[in-house]
Amino acid sequence: MQTATLVPPLQPLHKVRSLGLPVVRGQEDGVERVLDRCLAPGSVEQLRAARAIGVSDELERVVRVFGTPAGHTPPGFRVECQLDGDGTLRFDLRRDISYDVDGALRPTGQLFSVDSANPYEIAPVAPLVANLTCNPSIIWDLFLSDPTKNVGGAFRDRDEVLVEIARILGPGADMSVELENPFEDVGKAVEEAEHLRDLVSEYRVVIKVPHTGPVDADNYRQLLEGAGHLDRRYDAPTTADAFRGHNLALTLRDRGFRVNFTLMFEPHQVRLALQARPYFVNAFVRHRMFQSQRMAELLDQHAQTRDDEPLLALRGYLLDNDYLSTADADLDLGECRRIAERVVAYRRIREPEGADGLDHARHALRVLRDANLPDTRLIICSMEGDRNYPDIDRMLAEPELADMVHRVVVTAEPGYLARFTSTNQVVSYQRRFLRAAEHTRAARADARRADSGQP
C-alpha cells in the first residue's frame with residue numbers, strides 16, 4: 001500500500017505592519033508605502049532585533065521624482081530591506097523592470113519591449129512592456145520626418161519625442177536610446193548621455209552603444225556616399241576601432257549609466273561584449289537568418305549544377321551585405337564559396353540548433369548563465385515574418401533555458417507583436433458569439449414589443 005506524503009502547512013505571510021514597530025520620525029510617508037509588504041516566511045524570527053521601521057533616502061527620492069501616489073511604490077523598482085546596525089529595518093528601492101507597482105512581479109519572467117519612437121503606436125502597448133528601444137533612424141526616418149505618423153508636425157525634434165514617450169510609458173519601463181554619433185569625441189558622447197539622463201531621468205535611461213567594427217571617424221562617410229560600401233572588410237578592423245564601443249560602454253558605466261551594447265549578430269560577440277559590463281546585450285534575428293538561408297540556397301545550387309552562376313550571385317550577395325568590401329569586387333569565386341560555407345556551418349542553419357535562426361540567442365543565454373553579471377539581460381530583437389516570434393516563444397519554453405527566461409527581453413515593433421495576439425479561431429469564435437448575441441438582442445426586442453402590445 002502506498003503511503004501518503006505529509007505536506008507541512010504553508011507558513012503564514014506576515015506583513016510589515018504586523019511587526020508593530022515604531023516608525024522613524026519624519027519618514028511616516030515612506031514607511032506607509034511598505035507597511036503592507038509581506039515578509040518571507042520565517043523572516044519574522046530573524047527580525048527580532050528590529051527596533052524601528054524606516055526608509056532610505058533613495059526610496060523617498062524615487063517616489064518624489066515620479067509623483068507616486070501615497071501608500072504605493074512605483075513600477076520598475078524592487079523593494080528591498082535590511083536591518084541596520086541601530087536596529088532600524090530600513091526599506092529601499094532598487095531599479096528592476098521585472099517588478100510592477102508596489103513591488104509585485106510582472107506576470108512573466110520574460111519581458112516585452114517595443115522598437116518605436118511613435119508615441120501614437122506606443123500608447124496601446126505601454127501598460128504591457130518593460131522597455132523601449134530606439135535609435136536615430138527610428139526617431140527621424142520612421143517618425144519625425146514621416147507626415148503620416150508625425151501628424152501635423154506635432155513633434156519637432158528627438159527631445160520632444162522622448163519626453164512624450166517617457167510620459168506614456170511611466171516609471172516602469174526603461175528607455176534605450178542610441179547615441180546619435182558614436183564616432184564623436186568620448187567627451188561629447190558623455191555629454192549627450194547626460195542630456196538624455198536629464199531628459200527622461202536616470203532611472204529610465206539606458207544608453208545604446210553600438211559595436212563599430214572597422215567603421216571609424218575617418219571612414220564612416222564611405223557609408224553615406226555612392227553604394228555605401230566600406231573599403232575595409234568587416235573582419236579586418238584595427239584593434240582600436242574594434243574595441244571603441246567596448247571602451248565607450250565602460251566609460252559610460254563608470255559614470256553611472258546603464259548601457260545597451262547593441263549591434264550583436266554572432267555568438268562570438270557575446271563574451272567579449274560582456275567584458276564591458278553592459279546592462280543589455282542583444283541577439284539580432286531577422287537579417288542574419290535570411291542571409292544564412294540565402295547563402296545555403298546558393299551553395300546548394302552550385303553543388304547541383306557545378307557551374308559558376310550561383311557563385312557569381314553569391315559573390316554579389318556577399319558584397320551587397322558587407323561580408324566583403326569594395327576591394328573584394330573580383331574575389332575568387334572559390335574563396336567566396338568557402339566564406340559562405342564557413343558562415344552557414346557556424347550558424348548551424350542546417351541543424352536543429354540554428355534552423356530557426358536562434359543559435360545566437362541560445363548561445364548568449366548559456367554564456368549569460370555563466371557570467372558574473374546577474375543584472376544583465378539579453379534583448380532578442382529585429383524580427384519579421386510568420387516564424388520569428390513564434391520560434392522565439394517556443395525556444396523560451398525549452399527545458400534547457402528554463403532558468404534563463406527571466407533574463408530575456410523580446411522587442412519588436414508594436415504592430416509586429418500585435419499580430420501574435422490573434423489567431424484565425426479568434427475570428428471564428430467572435431462570429432459565433434456575435435451572431436448569438438444578435439439573436440438574443442432580437443429575441444429580447446420581440447419580447448418587449450409583445451409585453452407592450454406593440455405589433
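Worth knowing before you read on, the calculation uses all heavy atoms, side chains too, and leaves out hydrogens, waters and symmetry mates. Model, not experiment: these values are computed from the prediction.
Salt bridge R294/D320: absent, no basic N to carboxylate O contact under 4.0 Å. R244 and D216 are not joined by a salt bridge, as no carboxylate oxygen comes within less than 4.0 angstrom of a charged side-chain nitrogen. Using a 4.0 Å cut-off between charged nitrogen and carboxylate oxygen, D386 and R419 count as a salt-bridge pair. Salt bridge annotation for K188-E191: absent, with no cationic side-chain nitrogen under 4.0 angstrom from a carboxylate oxygen.
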Exercise. What's the verdict on side-chain hydrogen bond (donor to acceptor under 3.5 Å, both in side chains) for Y279 and D174, showing C-alpha distance, side-chain angles and the deciding distance?
Worked result: CA-CA 11 Å; Y279 177 70; D174 283 334; 2.6 Å; yes
For this session: Decide side-chain hydrogen bond (donor to acceptor under 3.5 Å, both in side chains) for T411 and D115; before the verdict, give the C-alpha distance in whole Å, the side-chain angles of both, and the deciding distance to 0.1 Å.
Result: CA-CA 6 Å; T411 190; D115 287 337; 2.9 Å; yes
Exercise. Taking it one step at a time, do F420 and D393 satisfy side chain to side chain contact (heavy atoms under 4.5 Å, CB included)?
Worked result: CA-CA 11 Å; F420 297 105; D393 185 65; over 6 Å; no
For this session: Take S113 and R377 through the test side-chain hydrogen bond (donor to acceptor under 3.5 Å, both in side chains) and record every step on the way to the result.
Result: CA-CA 12 Å; S113 168; R377 302 175 193 257; over 6 Å; no
Exercise. Is there a salt bridge (Lys or Arg N to Asp or Glu O under 4.0 Å) between R366 and E353 once you walk through the steps?
Worked result: CA-CA 13 Å; R366 292 166 188 149; E353 174 80 5; 2.8 Å; yes
For this session: Verify ring pair (Phe, Tyr, Trp, His ring centres under 6.0 Å) between H246 and F261, making sure each step is shown before the conclusion.
Result: CA-CA 8 Å; H246 298 71; F261 203 0; 4.8 Å; yes
Exercise. Can you check salt bridge (Lys or Arg N to Asp or Glu O under 4.0 Å) on D359 and R348, steps first, answer last?
Worked result: CA-CA 7 Å; D359 59 303; R348 305 176 73 174; over 6 Å; no
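H72 contributes no side-chain N or O that, together with a main-chain N or O of R33, makes up a donor-acceptor pair within less than 3.5 Å. Proximity of a side-chain donor or acceptor of N150 to a complementary backbone N or O of F155 within less than 3.5 Å is detected. Formation of a donor-acceptor pair under 3.5 Å by the Q291 side chain with backbone atoms of N321 is not found in this model. Without hydrogens or angle criteria, R95 side chain to G76 main chain gives a donor-acceptor distance under 3.5 Å.
Counting non-hydrogen atoms of other residues, nucleotides and ligands closer than 6.0 Å to CZ of R156 gives a total of 12 or fewer. Atom CD of E60 sits in a crowded spot, with more than 12 heavy atoms from other residues, nucleotides or ligands closer than 6.0 Å.
By the 30° and 60° cut-offs, the orientation of the rings of Y203 relative to F77 is perpendicular. Taking the six-membered ring for Trp and thresholds of 30 and 60 degrees, F183 and Y220 have nearly parallel ring planes, at less than 30 degrees apart.
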